[in-house]
Student: 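Here it is, the structure, as structure tokens.
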Amino acid sequence: MLPLQTIRERAEALAIALDKRGLDARPLLSRALGLDQERRNLQTRLDQTLAEANRLSKEIGVLFKSGKGEEAQALREESARLKEVAKELQDQLGTAAEALQETLYLLPNIPHASVRPGQSEADNEVVFESGEIPKLPEGAQPHWELAKQYDLIDFELGVKITGAGFPVYKGKGARLQRALISYFLDCNTAAGYQELQVPHLVNEASGYGTGQLPDKEGQMYQVPEDGLYLIPTAEVPVTNLLRDVILDRSELPVKYTAYSPCFRREAGSYGAHVRGLNRLHQFDKVEIVRVEEPENSYAALEAMVEHVKGILDALRLPYRILRLCGGDLGFTSALTYDFEVYSTAQERWLEVSSVSNFEAFQANRLKLRYRDAGNKPQLAHTLNGSALALPRILAGILENYQDAEGIRIPEVLVPYTGFDRIG
RNA sequence: GGAGGAAUGGCAGAGUGGUCGAUUGCGGCAGUCUUGAAAACUGUUGAGGGUAACACCUCCGGGGGUUCGAAUCCCUCUUCCUCCGCCA
């Protein structure tokens, strides 16, 4: 949610920036400003009424104590009248505030200056490429074939016990999965991120805090009996740890990392591109989250990008980095870099990480603040990224590391797997 | 799941109908003293709205109610503690 203050101060600049998303926000912005004005007018009138009522109450107390019952009685009637007025104003205020809130929820974050206008992922900008795309042996297989051949992942078993998109990892496949989680967590903690284990179900307030609610409710699995949601990413519980918190400046930056399974309904996706590990309803991910002072947040974003690069370099996977265009940018993000690993056998790029700066957009909903140099509470900036998402990394390793005899294990993972090849 | 008790400012902990946004202690910040520090002493120290700045309004776990007036009384929900039951 955009801070109202920002909208008041530079609505037109915001509208121009939002054009890059292909959205004409002017009607929404002017509606927000109108509702804000209305809300403030009502608030002022309500405050005045309440101030008068408070004054009367004190007077009545004094009159009673000095035995002037009759005068008090007259004031009580006046007070009752004020109460009626206050109630009416209160209702109107509630309506205006709610309408304002709903309007603000519809406004996405402002794209950063470096974000290019664009319609879709086709307009994303490749800003970095690394690694060589390996020449695969004769008869190279896509990862779902390899997974079957070496009995690493059983997709059918997952269908049996749960449904499509819930694979069962077996033997060396399961071990490789666990190795990746441990390796990623070790990389992240070595870079100063504090490791956390967090709940995998969250309440409604947390869903609103990070912006999954109200608009993306259909993408989350729900437990209505208890009013809970299965997390679509560890970002939700981790970032919400700091909901309604005012941090001291000395506590910044906050750097967290957490492994979690992620649950996504992926309503509406289908087709050839969802085969194997490409798109799942449950997958594993190691997330990194940072909270920064506004002036540091873009330096922090670059640091996160460098960190993720380091992990992919160590795994020796061919990858590229995209700067998302306005049309592909997430609702809550101001600037996002996507990392994609090349799937040799499928001959396509697979997204394995998305690193974003949300500036104050999430913090505004979360009421996540810090005390600035003047000791005044200010909204902090939040950032997060995957470091990394497991399934497509696994797919990339299986496909890129296959040779005539089987699959090699990336060197850095061998201490974690305990074996150096499959097959 | 059953029975009791509790929820107040960063923390501890007063406050049972009116002048209480809230005594006090600790912690934090500033000052006095000191070569410096500590100790001692003095002052200051919640959040949001609102204002040019004041004024003013709201908030004592959440929601609702009684009353001219609620931290204080009533209802309800949530959470925590104690006891019992069940259990990885």
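In the text below, chain A, chain B and the rest are named by the order of the sequence lines, each starting its count at 1.
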Student: Would you measure the distance from the P atom in B:U24 across to the matching atom in B:U42 and give it in whole Å?
Tutor: 13 Å
Student: Can you tell me the Watson-Crick or wobble partner of B:C11, both distances under 3.5 angstrom?
Tutor: B:G25
Student: If you look only at pairs with a residue in residues 285-301 of chain A, which of them pass as a side-chain hydrogen bond (donor to acceptor under 3.5 Å, both in side chains), with sequence neighbours excluded?
Tutor: A:Y193-A:R290, A:T233-A:K285, A:K285-A:E287, A:R290-A:E292, A:S297-A:N357, A:S297-A:H381, A:Y298-A:E359
Student: Any strand counts, and the cut-off is 3.5 Å on both contacts for Watson-Crick or G-U wobble. Which nucleotide pairs with B:A53?
Tutor: none
Student: Round to a whole Å and report the spacing from CD of A:Q90 to P of B:G49.
Tutor: 17 Å
Student: List the residues meeting salt bridge (Lys or Arg N to Asp or Glu O under 4.0 Å) with A:K170, not counting sequence neighbours, and say none if there are none.
Tutor: A:D151, A:D154
Student: Using the C1' atom as the point on both nucleotides, what is the distance between B:G28 and B:U66, in whole Å?
Tutor: 41 Å
Student: Base, sugar-phosphate, or nothing for A:R81, non-hydrogen atoms under 4.0 angstrom?
Tutor: nothing
Student: Can A:E84 and A:K87 be counted as an ion pair, charged N to O under 4.0 angstrom?
Tutor: no
Student: Can you check the A:D372 CG to B:A47 P distance for me, whole Å?
Tutor: 11 Å
Student: Taking CZ from A:R371 and P from B:A47, how many angstroms apart are they, rounded to a whole number?
Tutor: 5 Å
Student: Given the P atoms of B:C86 and B:C11, what is the spacing between them in whole Å?
Tutor: 38 Å
Student: Which base sits across from B:G17 as a Watson-Crick or G-U pair, both distances under 3.5 Å?
Tutor: none
Student: Say we look at B:C80 and B:C26: how far apart would their P atoms be, to the nearest angstrom?
Tutor: 32 Å
Student: Taking the C1' atom in each of B:A22 and B:G9, what is the distance between them to the nearest angstrom?
Tutor: 9 Å
Student: Could you tell me the Watson-Crick or G-U partner of B:C83, where both distances fall under 3.5 Å? Say none if there is no partner.
Tutor: B:G2
Student: In whole Å, what is the span from the CG atom of A:D248 to the C1' atom of B:G27?
Tutor: 13 Å
Student: Taking atom C1' in both B:G65 and B:U79, what distance in whole Å separates the two?
Tutor: 22 Å
Student: Considering every strand shown, what is the Watson-Crick or G-U wobble mate of B:U32 when both distances are under 3.5 Å?
Tutor: B:A40
Student: Closer than 4.0 angstrom, basic N to acidic O: yes or no for A:E59 and A:R55?
Tutor: yes
Student: Provide the distance between the two C1' atoms, one in B:G15 and one in B:U23, to the nearest whole Å.
Tutor: 8 Å
Student: Write down the distance between NZ (A:K376) and P (B:C29), rounded to a whole number of angstrom.
Tutor: 17 Å
Student: Once ring pair (Phe, Tyr, Trp, His ring centres under 6.0 Å) is applied, what residue pairs with a partner in residues 220-263 of chain A remain, sequence neighbours excluded?
Tutor: none
Student: Tell me: CG of A:L379 to C1' of B:G48, nearest whole Å?
Tutor: 12 Å
Student: Filter on side-chain hydrogen bond (donor to acceptor under 3.5 Å, both in side chains), then keep only pairs touching residues 406-418 of chain A, sequence neighbours left out; what's left?
Tutor: A:D186-A:Y416
Student: Does the distance from a Lys or Arg side-chain N to an Asp or Glu carboxylate O, for A:R40 and A:D47, drop under 4.0 Å?
Tutor: no
Student: Among A:T382, A:T239, A:N240, which residue satisfies the side chain to side chain donor-acceptor pair (under 3.5 Å) criterion with A:Q362?
Tutor: A:T382
Student: Counting primed atoms plus P, OP1 and OP2 as sugar-phosphate and everything else as base, spell out the protein contacts along nucleotides 56-76 of chain B at 4.0 Å heavy-atom distance: B, S or - for each nucleotide, 5' to 3'.
Tutor: SSS--------BBS-------
Student: What is the distance, rounded to the nearest whole Å, between atom CG of A:L89 and atom C1' of B:G49?
Tutor: 16 Å
Student: Rounding to the closest angstrom, what is the interatomic distance between B:A39 and B:U45 at atom P?
Tutor: 22 Å
Student: Show me the donor-acceptor pairs within less than 3.5 Å that the side chains of residues 6-13 of chain A make with the rest of the protein, sequence neighbours left out.
Tutor:
| residue | atom | partner | partner atom | Å |
| --- | --- | --- | --- | --- |
| A:T6 | OG1 | A:P3 | O | 3.4 |
| A:R8 | NE | A:D36 | OD2 | 2.7 |
| A:R8 | NH1 | A:Q5 | OE1 | 3.3 |
| A:R8 | NH2 | A:D36 | OD1 | 3.1 |
| A:R8 | NH2 | A:D36 | OD2 | 3.4 |
| A:E9 | OE2 | A:Q5 | NE2 | 2.9 |

Student: Tell me which nucleotide, if any, is Watson-Crick or G-U wobble paired with B:C59 when both distances must be under 3.5 Å.
Tutor: B:G46
Student: Find the partner of B:U66: check Watson-Crick (N1-N3 plus N6-O4 or O6-N4) and G-U wobble (N1-O2, O6-N3) distances, both under 3.5 Å, and reply none if neither fits.
Tutor: none
Student: Can you check the A:R45 CZ to B:A55 C1' distance for me, whole Å?
Tutor: 20 Å
